[in-house]
Amino acid sequence: MSAREQYLQALGVDVWKPRTGAPVAPVAPIAPVASVASVASVVPIVPVVPAAPPDEAAWETLRSQVSGCTRCELSQTRTQTVFGVGNRRAELLVIGEAPGAEEDRQGEPFVGRAGQLLNSMLRAIGHSRETLYIANVLKCRPPGNRDPRPDEVASCLPYLSQQIDMIQPRLLVAVGRIAAQNLLATDTPLARLRGQVHRFGARATPLIVTYHPAYLLRSPTEKRKSWVDLKFIRAELARARSGA
Ligand code: SF4
């Protein structure tokens, strides 16, 4: 079974297959797209690594700053900071909201069931934890998994911005309403943020919004929309690679 089929099955989305002997329509190549509606094809992608690696010393300095950070009161309740994980030359940087209880224990973002679903989602478009980078808006867990407070986001976001500046990804993907609204400084509902390319930071890095995997586990009706988002992400990445 292909990665795409595994993901769709994990989401409970029916996979259409032609009957044996039936003619199979040719798969169209990915073309530059401007909207979700124009994304239709399914083509495996071989991740391309951008040329410039982040400066090792600067990266470790930043990591050290984060691990000892006391800029906000979350430093008093965390078990440890969750800096991020993945390829520091990634072309795709996935951004969640904040560490949960398990992430706080393990020091890694997106672990547990939601993390497994995120892995499946990313595999379906040709990526893995080894080819991309995953981080959160906040590096420390808010107690009881409450929403991040504006002052906490203001204190912590500069760390993520520095990571983005060092990695220089082609595309950012904000997963979930909290991450999207904080990165884009808006209170627009997630449904209206999906399906378009936003910009983030001084480098105006392209940013796409999709559902949080934990939300998808709770909300079966949104599963098909998530697949639409993934195809949009893949197509936008292809467009960014081509320089179009
Ligand atoms: S959440 Fe961010 S700003 Fe607050 S203590 Fe943790 S690392 Fe520092």
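Read the numbers this way: they start at 1 and go in the same order the structure lists the ligands and their atoms. Residue numbers run from 1 in the order of the sequence given.
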Between the side chains of T221 and S219, is a donor N or O closer than 3.5 angstrom to an acceptor N or O? no
Count, waters excluded, of protein N, O or S atoms under 2.8 Å from atom 4 (Fe) of ligand 1: 1
Heavy atoms of C140 and T81 approach each other most closely as SG-CG2, 3.8 Å
Using a strict cut-off of 4.0 Å, indicate which atoms of ligand 1 neighbour a heavy atom of R78. 5 (S), 6 (Fe)
For Y159, give me all partners under side-chain hydrogen bond (donor to acceptor under 3.5 Å, both in side chains), at least two apart in sequence or on another chain. R71
Contacts of F110 meeting ring-ring contact (aromatic ring centres under 6.0 Å, His included) (sequence neighbours excluded), chain-then-number -> H212
Check whether any side-chain heavy atom of L184 lies under 4.5 Å from a side-chain heavy atom of L207, and answer yes or no. yes
Those residues at least two apart in sequence (or on a different chain) that pass side-chain hydrogen bond (donor to acceptor under 3.5 Å, both in side chains) with R113 are none
